[in-house]
J.: 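Just dropping this structure here.
As the structure is a prediction and not an experimental result, all values here were calculated from the model.
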Amino acid sequence: MTLGNHEPYNEYTPLLEAHPGRAIRVSQFVWLLPRPWRLEIHGREILTLGGAASVDRKWRTPGKDWWDDERILDEHVVAASARSADVMVTHESPDDTPVAQVAALPRCNPNGFPDDALEESAASRAQVDKVWTAVNPKLLFHGHMHVAGSGTTADGHTVVSLGRDAAEGNAALLDLVDMSVDIPSLRVLRGW
């Protein structure tokens with residue numbers, strides 16, 4: 001699990017600090033990944049970088065449903081940028097995203113978030129941009145914006161934005177052999 005911004009960091013941070021640099025098994029199939037985390041699957045280097053700014057922080061309570069630990073720190077950026085990767089998995093979107101639906105959100109601000117929250121969000125996306133530029137992955141997957149879509153940059157890098165829980169486009173299938181991506185509809189996923 002790549003951490004997001006509304007995680008119970010009061011539980012997760014102590015676990016990760018007790019086992020620095022290690023993934024923590026939290027259920028039969030789920031592992032909590034530190035920031036950043038790298039793994040190799042079928043010869044492909046995968047980099048995960050959790051965290052994101054909460055634009056709704058104004059309406060949350062510190063220590064109850066908001067934690068400062070959600071932020072992507074400079075130390076995370078430096079560690080994540082150490083070497084290239086084929087695939088990057090983040091919670092936060094890159095700021096320079098080619099996904100039109102995601103790029104439009106901060107500009108139109110449909111939920112009326114305050115300016116300071118939008119500035120924090122832009123800074124968080126800029127942290128992802130730094131890593132994205134440094135590691136140069138062919139594919140980047142993210143959630144956070146809760147909008148399903150994809151886009152490809154002029155130099156051939158693809159960003160896949162996953163939709164919110166229980167919505168179409170909230171999951172993607174990646175073939176690590178040919179690096180193709182399939183975003184099945186929720187109807188298909190429910191049939192599994």
Side-chain angles (χ1 to χ4, degrees), residues 1-39 41 46-81 85 87-95 97 99 102 105-106 111 113-114 116-132 135 137 139-149 159-167 169-172 174 186 189:
M1 175 174 62
T2 299
L3 295 170
N5 58 310
H6 294 314
E7 312 298 351
Y9 280 97
N10 60 324
E11 297 172 24
Y12 292 164
T13 297
L15 274 173
L16 291 167
E17 287 176 348
H19 307 281
R22 291 181 41 206
I24 309 297
R25 189 176 198 160
V26 293
S27 76
Q28 183 179 358
F29 300 109
V30 178
W31 293 76
L32 178 63
L33 302 178
R35 296 183 286 174
W37 182 254
R38 287 180 178 266
L39 62 152
I41 303 173
I46 315 248
L47 167 68
T48 72
L49 179 64
S54 293
V55 290
D56 63 349
R57 180 170 61 122
K58 176 180 171 182
W59 299 283
R60 294 183 173 271
T61 304
K64 181 179 177 194
D65 57 5
W66 181 83
W67 292 268
D68 194 47
D69 294 359
E70 73 180 20
R71 297 168 194 245
I72 302 170
L73 303 177
D74 289 341
E75 65 192 58
H76 300 142
V77 171
V78 169
S81 299
V87 178
M88 192 168 159
V89 178
T90 65
H91 185 67
E92 181 69 89
S93 165
D95 192 41
T97 181
V99 182
V102 173
L105 285 174
N111 296 306
F113 294 120
D116 61 336
L118 295 177
E119 289 170 13
E120 286 182 29
S121 177
S124 183
R125 292 190 313 275
Q127 293 286 65
V128 172
D129 267 1
K130 291 175 194 173
V131 178
W132 186 31
V135 304
L139 291 167
L140 184 148
F141 294 87
H142 74 83
H144 191 54
M145 297 297 195
H146 306 289
V147 176
V159 174
V160 176
S161 175
L162 300 173
R164 70 177 61 250
D165 292 347
N170 70 344
L174 170 61
L186 190 59
L189 290 177

J.: Do you know the tightest heavy-atom contact between Pro94 and Leu140?
T.: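 Residues Pro94 and Leu140, closest heavy atoms: CD-CD2, 3.8 Å.
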J.: According to side chain to side chain donor-acceptor pair (under 3.5 Å), who are the partners of Gln127, at least two apart in sequence or on a separate chain?
T.: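 Only Asp74, Lys130 meet the side chain to side chain donor-acceptor pair (under 3.5 Å) criterion with Gln127.
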J.: Can you give me the closest heavy-atom contact between Ala172 and Leu162, atom names plus distance?
T.: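 Closest approach of Ala172 to Leu162: CB-CD2, 3.9 Å.
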J.: With a cut-off of 3.5 Å and sequence neighbours excluded, list every side-chain donor-acceptor pair involving residues 16-32.
T.:
residue : atom : partner : partner atom : Å
Arg25   : NE   : Ser27   : O            : 3.2
Arg25   : NH2  : Gln28   : O            : 2.6
Ser27   : OG   : Phe29   : N            : 3.4
Ser27   : OG   : Val30   : N            : 3.2

J.: Would a 4.5 Å heavy-atom cut-off, applied to side chains only, mark Glu7 and Asp69 as touching?
T.: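 No, their side chains stay 4.5 Å or more apart.
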J.: Check whether any side-chain heavy atom of Val87 sits under 4.5 Å from a side-chain heavy atom of Pro137, and report yes or no.
T.: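 With C-beta onward as the side chain, the pair stays apart.
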J.: What's the spacing between Thr48 OG1 and Leu3 CG if we round to 0.5 Å?
T.: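 Spacing of OG1 (Thr48) from CG (Leu3) equals 8.5 Å.
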J.: Do you know which two heavy atoms are closest between Leu39 and Trp37, and how far apart they sit?
T.: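 Answer, listing the atom of Leu39 first, then Trp37: CD2-CD1, 3.6 Å.
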J.: With sequence neighbours left out, what residues match Ser93 under side chain to side chain donor-acceptor pair (under 3.5 Å)?
T.: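 For Ser93, no residue satisfies side chain to side chain donor-acceptor pair (under 3.5 Å) once neighbours in sequence are set aside.
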J.: Measure the OG-CD distance between Ser124 and Glu92 for me, rounded to the nearest 0.5 Å.
T.: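 Interatomic distance, Ser124 OG to Glu92 CD, rounded to 0.5 Å: 3.5 Å.
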J.: Looking at every non-hydrogen atom in both residues, tell me the closest pair between Val102 and Ser161 and how far apart they are.
T.: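 The answer is CG2-OG, 3.4 Å.
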J.: Listed by chain and number, what are the side-chain contact (heavy atoms from CB on, under 4.5 Å) partners of His6, not counting sequence neighbours?
T.: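 His6: side-chain contact (heavy atoms from CB on, under 4.5 Å) contacts with Ser54, Asp56, Arg60.
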J.: Mind checking salt bridge (Lys or Arg N to Asp or Glu O under 4.0 Å) for Arg38 and listing every partner two or more places apart, or none if nothing turns up?
T.: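 Partners of Arg38 under the salt bridge (Lys or Arg N to Asp or Glu O under 4.0 Å) test: Glu45.
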J.: At their closest point, which heavy atom of Leu49 faces which heavy atom of Pro36, and how far apart are they?
T.: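 For Leu49 versus Pro36, the nearest heavy atoms are CD1-CB, 4.2 Å.
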J.: Just to verify, what does Arg35 make a salt bridge (Lys or Arg N to Asp or Glu O under 4.0 Å) with, not counting sequence neighbours?
T.: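 Residues passing salt bridge (Lys or Arg N to Asp or Glu O under 4.0 Å) with Arg35: none at all.
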J.: Excluding sequence neighbours, so at least two apart, what forms salt bridge (Lys or Arg N to Asp or Glu O under 4.0 Å) with Asp68?
T.: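 Counting only residues at least two positions away or on another chain, Asp68 forms a salt bridge (Lys or Arg N to Asp or Glu O under 4.0 Å) with Arg71.
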J.: For Asp129, is there any backbone N or O sitting under 3.5 Å from a side-chain donor or acceptor partner on Asp95?
T.: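 Looks like no, no N/O pair under 3.5 Å.
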J.: If the condition is salt bridge (Lys or Arg N to Asp or Glu O under 4.0 Å), which residues does Asp116 pass it with, not counting sequence neighbours?
T.: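 Asp116: no salt bridge (Lys or Arg N to Asp or Glu O under 4.0 Å) contacts found.
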J.: Going by the rule ring pair (Phe, Tyr, Trp, His ring centres under 6.0 Å), which residues pair with His142 if we only count those two or more places apart in sequence or in a different chain?
T.: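 Partners of His142 by the ring pair (Phe, Tyr, Trp, His ring centres under 6.0 Å) criterion come out as none, since no residue qualifies.
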J.: I'd like to know if Glu120 pairs up with Arg57 as an ion pair, taking the criterion as any Lys NZ or Arg NE/NH1/NH2 lying under 4.0 Å from an Asp or Glu carboxylate oxygen.
T.: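 Salt bridge between Glu120 and Arg57, a charged N being under 4.0 Å from a carboxylate O: yes.
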J.: Please examine the side chains of Leu47 and Val131, heavy atoms only from C-beta on, and report whether any two atoms are closer than 4.5 Å.
T.: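 The answer is yes; the side chains approach within 4.5 Å.
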J.: If you round to the nearest 0.5 Å, how far is CZ of Arg125 from OG1 of Thr90?
T.: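 These two atoms lie 12.0 Å from each other.
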J.: Taking side-chain contact (heavy atoms from CB on, under 4.5 Å) as the definition, give me every residue that meets it alongside Asn111, ordered by chain and number, with sequence neighbours left out.
T.: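 Scan of Asn111 (side-chain contact (heavy atoms from CB on, under 4.5 Å), adjacent residues dropped) gives Phe113.
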J.: Measure the spacing between NE2 of His146 and CG of Asp165 and express it to the nearest 0.5 Å.
T.: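 Rounded to the nearest 0.5 Å, the NE2-CG separation comes out at 8.0 Å.
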J.: Do Ser121 side-chain atoms and Val55 backbone N/O form a donor-acceptor pair below 3.5 Å?
T.: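 Side chain of Ser121 to backbone of Val55, a donor-acceptor pair under 3.5 Å: no, none is there.
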J.: Partners of His91 by side-chain contact (heavy atoms from CB on, under 4.5 Å), sequence neighbours excluded?
T.: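 Residues passing side-chain contact (heavy atoms from CB on, under 4.5 Å) with His91: Asn5, Ala52, His144.
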J.: Between CG of Leu33 and CD1 of Ile46, what distance do you get to the nearest 0.5 Å?
T.: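 So the gap between those two atoms works out to 11.0 Å.
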J.: My understanding is that only residues two or more places apart in sequence, or in another chain, count here; which of them pass side-chain contact (heavy atoms from CB on, under 4.5 Å) with Pro8?
T.: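 Pro8: side-chain contact (heavy atoms from CB on, under 4.5 Å) contacts with Asn10, Glu11, Tyr12.
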